[in-house]
Amino acid sequence: MATGVLQRASGGLGRAQTRTCLTGLLVSWSRGFASSNQSRENSWFKSLFVRKVDPRKEAHATLLTKNEESNLYKIQFHNVKPECLDSYNKLCEEVLPSIHADKYYPCELVGTWNTWYGEQDQAVHLWRYRGGYPALTEVMNKLKQNKEFTAYRKARGEMLLSRRNQLLLEFSFWNEPTPREGPNIYELRSYQLRPGTMIEWGNYWARAIGIRQHNSEAVGGFFSQIGNLYMVHHLWAYKDLQSRENTRNAAWQQEGWDEVVYYTVPLIQHMDSRIMIPTKASPLQ
C-alpha cells in the first residue's frame, strides 16, 4: 500500500522533486507510526494503575463486626525477663482483677495467660471495652489518676524486656468470650493476612465456625484495627494437648472443612500458634 502511494506521488516529477516528495511521505508515515505506538504504550501504562473498584460503601469493620454492641478489645504481649516471671504474675494478680471488678472503669479482663509453647517468658492479656473507643479513652484517663496503677506500671516496667499491643474488633460470627471453668489450655492462632483479603476470610470462616463448635472449643475471633493491620486472632480452649489434637483431626471429617482450609491458606502471609496457660487472675480458666 505504501509503495503504491509513493509511486503515485512520484508520477510526473523530476528526480529531485521525487526524492523530496518521498522523503516527506516517509517522515510523515514514520511520525504517524511512532505516534500510534506511543498512544498504545500510554494506554498500556495507564492500564497498570486502573483497577475495578468495589462499589461497596461500607468499611470492612462495619461489615464484619457486631455493630449493635461496639465492643473494642485490646490484646497485650509482654516479654518478661525470665527471672522475673513469677514476680510479674504475682503483681498482675494483685492489680488487674481489681480494675476488672471496679464498675468505675468500663473495661473487663477477658483473660490473662503465660505462653507455654511459642515465645517463652511471655504474658498475654486480653481486655474488653464495652462502648468502643470512648470507653477506652475513659479508662486511660481514669487510670492516669490511679496511684496504685501508676505504681504497678512502674514496677512492671522493671520486669519487662519489651511489650506491644493491638486494638481489635470481634467477628460477628464468633462467640463473645465469656468466663469458663478450668482447667483448660488455650491456643491463640494469629494470622497475618494479605492486604485486601479480610472480607474473603470472614466469608469463609462465617461458614466454617459451625464445624468447630462441637466441643465448645471456639472462644473468640478478632481482627486488628490499630497495630499490625490485617491481623486475625482465633482463640481456642482445650482440656489438654491430646484433646486439641483429637479435636483438630475430627474437623477434617466434617463436610466443608477441607474447602475452608483450601481457600483460606492462600490469603495468609504468616501465621503463628501459641499454647497458653491461664494465670490465677484470668476469668478464662
Side-chain angles (χ1 to χ4, degrees), residues 54 56 58-75 77 110-111 113 115-118 124 126 128 166-180 184-225 227-276 278 284:
D54 190 340
R56 185 183 293 114
E58 295 178 278
H60 290 176
T62 303
L63 297 170
L64 293 170
T65 58
K66 304 172 184 178
N67 298 321
E68 69 281 1
E69 296 178 5
S70 300
N71 288 334
L72 180 70
Y73 291 81
K74 178 172 69 177
I75 191 167
F77 300 94
V110 177
W113 304 267
T115 300
W116 184 22
Y117 288 103
V124 180
L126 182 64
R128 175 167 49 225
Q166 294 175 356
L167 293 181
L168 314 171
L169 296 176
E170 59 186 336
F171 285 110
S172 60
F173 46 85
W174 276 75
N175 298 329
E176 180 178 303
T178 56
R180 65 171 66 194
N184 294 293
I185 63 170
Y186 289 81
E187 181 176 18
L188 183 66
R189 295 180 70 87
S190 302
Y191 304 88
Q192 180 68 62
L193 303 186
R194 298 182 183 280
T197 61
M198 188 66 73
I199 291 292
E200 190 174 356
W201 178 275
N203 286 339
Y204 284 114
W205 270 96
R207 290 178 286 168
I209 192 62
I211 301 174
R212 297 295 304 274
Q213 292 283 20
H214 298 295
N215 295 332
S216 300
E217 71 265 23
V219 177
F222 316 92
F223 60 98
S224 62
Q225 281 291 283
N228 289 351
L229 298 180
Y230 287 97
M231 177 70 74
V232 170
H233 299 287
H234 291 175
L235 184 62
W236 309 91
Y238 306 101
K239 290 301 179 184
D240 50 39
L241 287 175
Q242 187 58 55
S243 172
R244 170 187 177 274
E245 180 75 5
N246 295 341
T247 300
R248 289 177 57 80
N249 287 340
W252 288 96
Q253 308 306 315
Q254 301 294 320
E255 183 178 356
W257 181 250
D258 56 343
E259 181 180 351
V260 171
V261 174
Y262 178 83
Y263 285 110
T264 55
V265 165
L267 309 181
I268 301 170
Q269 287 186 326
H270 176 75
M271 59 187 296
D272 188 45
S273 171
R274 290 175 176 84
I275 301 297
M276 309 184 301
L284 286 170

Distance-minimising heavy-atom pair for [X] and [Y]:
X: L188; Y: H233; result: CD1-CB, 3.9 Å
X: P177; Y: G220; result: CG-CA, 4.2 Å
X: T178; Y: L284; result: O-CD2, 3.0 Å
X: A237; Y: R180; result: CB-NH1, 3.5 Å
X: G227; Y: Q166; result: CA-CG, 4.3 Å

Ring centroid separation for W201 and Y191, is it under 6.0 angstrom?
->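 Centroid separation for W201 and Y191: below 6.0 Å.
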Under the side-chain contact (heavy atoms from CB on, under 4.5 Å) criterion, do F171 and V232 qualify, and how do the steps go?
-> CA-CA 10 Å; F171 285 110; V232 170; 3.9 Å; yes
Side-chain donor-acceptor contact under 3.5 Å, Y230 with Q192 =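 Absent: no donor and acceptor within the cut-off.
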Got a donor-acceptor contact below 3.5 angstrom from the S224 side chain to the M231 backbone?
->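 Present.
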Does V260 offer a backbone N or O that forms a donor-acceptor pair with the side chain of T264 under 3.5 Å?
->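 Judged by distance alone, yes, a pair lies under 3.5 Å.
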Going from CG on N203 to OH on Y263, what distance comes out if it is rounded to the nearest 0.5 angstrom?
->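 Here the rounded value is 13.5 Å.
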Given Y186, F223, W205, F173, the one that forms ring-ring contact (aromatic ring centres under 6.0 Å, His included) with H234 =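 Looking at Y186, F223, W205, F173, the match for H234 under the ring-ring contact (aromatic ring centres under 6.0 Å, His included) is W205.
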Is it the case that R212 places NZ or CZ above or below the six-membered ring of W236, under 6.0 angstrom from the centre and within 45 degrees of the axis?
->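 Yes, a cation-pi geometry holds between R212 and W236.
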In a check of side-chain contact (heavy atoms from CB on, under 4.5 Å) between V110 and each of V219, L126, L235, which one passes?
->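 Of all the options given, the one that passes is L126.
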Would you call [X] and [Y] a side-chain contact if the rule is heavy atoms closer than 4.5 Å?
X: L72; Y: L168; result: no
X: Y73; Y: L169; result: no
X: R274; Y: S190; result: yes
X: R189; Y: D272; result: no

May I have the list of side-chain donor-acceptor pairs in residues 244-256 shorter than 3.5 Å, sequence neighbours left out?
{"from": "R244", "atom 1": "NE", "to": "E187", "atom 2": "OE1", "distance (Å)": "2.9"}
{"from": "R244", "atom 1": "NH2", "to": "E187", "atom 2": "OE2", "distance (Å)": "3.1"}
{"from": "N246", "atom 1": "OD1", "to": "Q242", "atom 2": "NE2", "distance (Å)": "2.9"}
{"from": "N246", "atom 1": "ND2", "to": "Q242", "atom 2": "O", "distance (Å)": "3.4"}
{"from": "T247", "atom 1": "OG1", "to": "N215", "atom 2": "ND2", "distance (Å)": "3.3"}
{"from": "T247", "atom 1": "OG1", "to": "S243", "atom 2": "O", "distance (Å)": "2.8"}
{"from": "N249", "atom 1": "ND2", "to": "E245", "atom 2": "O", "distance (Å)": "3.3"}

Are R128 and E176 close enough for a salt bridge, meaning some N to O gap below 4.0 Å?
->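 Answer for the salt bridge query: yes.
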Under the side-chain contact (heavy atoms from CB on, under 4.5 Å) criterion, do I268 and R194 qualify, and how do the steps go?
-> CA-CA 6 Å; I268 301 170; R194 298 182 183 280; over 6 Å; no
